[in-house]
Protein chains: 2
Amino acid sequence: MADINVNAKTATPVSGLAGRPAGDSAPAELTWDIIELLFFAYRDFVGDPDEVLSKLAFGRAHHRVLHFVNRNPGMKVADLLDILNITKQSLGRVLKQMVDQGYVVQKEGAQDRRQRLLYVTPKGEVLALKLAGLQTARINRAFAELGPGAHEAARRFLTAMIDIDNREGVLRLIARADRAKARS
Amino acid sequence: MADINVNAKTATPVSGLAGRPAGDSAPAELTWDIIELLFFAYRDFVGDPDEVLSKLAFGRAHHRVLHFVNRNPGMKVADLLDILNITKQSLGRVLKQMVDQGYVVQKEGAQDRRQRLLYVTPKGEVLALKLAGLQTARINRAFAELGPGAHEAARRFLTAMIDIDNREGVLRLIARADRAKARS
DNA sequence: AAAATATGTCAATATGGCTGACATAAATGT
DNA sequence: ACATTTATGTCAGCCATATTGACATATTTT
């Protein structure tokens with residue numbers, strides 16, 4: 001899909017091969033390459049799961065819910081809302097579908113009985129792992145191409161791209177989830 | 001926005017600090033960290049432009065159109081459809097708004113008069129550069145933190161994440177666009 | 001007892017995708 | 001010359017996912 005082949009022989013003539021002198025770093029230089037590579041990389045990255053999900057009549061919203069609930073068993077609804085950055089009304093519909101179809105369960109909190117803590121069912125975990133497997137395959141393919149150090153470099157780059165005031169929270173979340181899944 | 005602070009003191013006890021032994025690379029290991037970092041990094045990356053756009057009653061769809069038209073002046077509608085991976089009906093609505101509001105113009109192709117080649121207006125370019133500037137600021141902040149070599153490493157990683165059969169096309173597109181903008 | 005919190009729900013609305021069908025103009029092939 | 005294909009646009013309707021605002025319920029906190 002999506003053969004990219006722009007061939008604009010336009011009015012504006014290609015006036016010689018202007019190309020910037022190599023190694024140039026003008027003050028307000030725009031990093032077009034990274035902007036566009038991020039766009040295409042992310043598009044393909046979410047494309048793999050999307051194909052599987054569409055067969056189940058699920059969308060990307062369902063994927064996000066399933067992913068984070070699987071990674072953080074027992075999380076509160078409010079936590080999920082914060083991570084996904086959506087309203088509870090939006091989450092409501094998607095979450096209800098996943099509960100109705102047996103991918104997620106909600107349990108009353110032990111300490112605070114107002115809470116509906118979220119867990120994936122075995123069926124939910126199977127799907128979550130399948131989707132993560134697809135994404136992992138792509139990532140590992142990339143790392144294999146790039147050689148050792150690529151994983152660490154990617155981790156550092158992506159971390160540095162996150163809002164500075166959120167960064168610590170994200171890293172904590174990832175570390176917590178690793179522990180949570182490690183014991184299963 | 002979005003304080004992340006998951007605090008599931010759940011039924012399932014955190015059984016010690018299980019954490020995987022460092023430097024581990026089990027066979028079917030899932031790269032959760034990259035999966036989640038990509039999610040959060042991309043979320044923040046598109047968040048900056050989104051804020052500006054929402055004030056103009058534009059969405060991410062408008063951003064994508066403006067971005068690629070600005071980068072590839074004189075591109076065909078069909079090229080844009082391929083890149084964005086959407087239907088012409090979807091593009092139609094968004095494109096019409098941008099034309100009506102004077103951000104984009106369409107010119108009849110010189111060789112093939114069926115074509116409606118796309119160009120940004122000066123007004124459109126101002127907006128495109130403003131949005132790209134926000135994203136560049138984030139990227140450069142990251143590179144500044146990470147030190148030399150970070151740009152190259154990021155480029156290599158993101159490139160390797162793109163579908164192999166699309167990769168060449170994407171790289172050509174980026175190179176072409178660099179030349180196209182260099183002469184303006 | 002009052003207030004705050006966690007969650008859920010009803011209703012209305014917007015955006016940005018989609019499909020299918022059809023229209024027009026221009027280029028291309030026979 | 002005529003038929004076909006191509007590039008684009010448009011009408012109409014549908015769906016998924018997001019929004020806001022208002023309100024309900026149960027439970028915890030003060």
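Each chain gets a letter, A, B and so on, in the order the sequences are listed, and its residues count up from 1. Just so you know, these numbers use all the heavy atoms, side chains as well, and skip hydrogens, waters and symmetry mates.
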Please state how far atom CG in A/L95 lies from atom C1' in C/dA6, giving the value in whole angstrom units.
-> 14 Å

Where along nucleotides 24-30 of chain C does protein come under 4.0 Å, by heavy atom, of base (B) or sugar-phosphate alone (S), with - for untouched nucleotides?
-> --BS---

Protein-nucleotide distance (A/L84, atom CG; C/dT7, atom P), rounded to Å = 14 Å

In terms of side-chain geometry, is the basic nitrogen of A/E51 or A/K55 positioned less than 4.0 Å from the acidic oxygen of its partner?
-> no

From the list B/L117, B/L118, B/D82, side-chain contact (heavy atoms from CB on, under 4.5 Å) partner of B/K76 resolves to B/L117

Do you know which of B/F45, B/F40, B/F39, B/Y42 makes ring pair (Phe, Tyr, Trp, His ring centres under 6.0 Å) with A/Y42?
-> B/Y42

Footprint string (nucleotides 10-22 of chain D, 5' to 3'): B base within contact, S backbone only, - free, heavy atoms under 4.0 Å | BB-----BBBBBB

When the distance from CG of B/L81 to C1' of D/dG9 is rounded to whole Å, what number comes out?
-> 11 Å

Got a donor-acceptor contact below 3.5 angstrom from the A/R167 side chain to the A/T159 backbone?
-> yes

Quick one: does B/R60's side chain have a donor or acceptor within less than 3.5 Å of a partner on B/D50's backbone?
-> no

Any chance CD of B/E168 has more than 12 other-residue heavy atoms, nucleotides or ligands included, within less than 6.0 Å?
-> no

Where the side chain of B/K88 meets the backbone of B/V77, is there a donor-acceptor pair that is under 3.5 Å apart?
-> no

Does any pair with a residue in residues 76-107 of chain B pass ring-ring contact (aromatic ring centres under 6.0 Å, His included), and if so which ones, sequence neighbours excluded?
-> B/F58-B/Y103

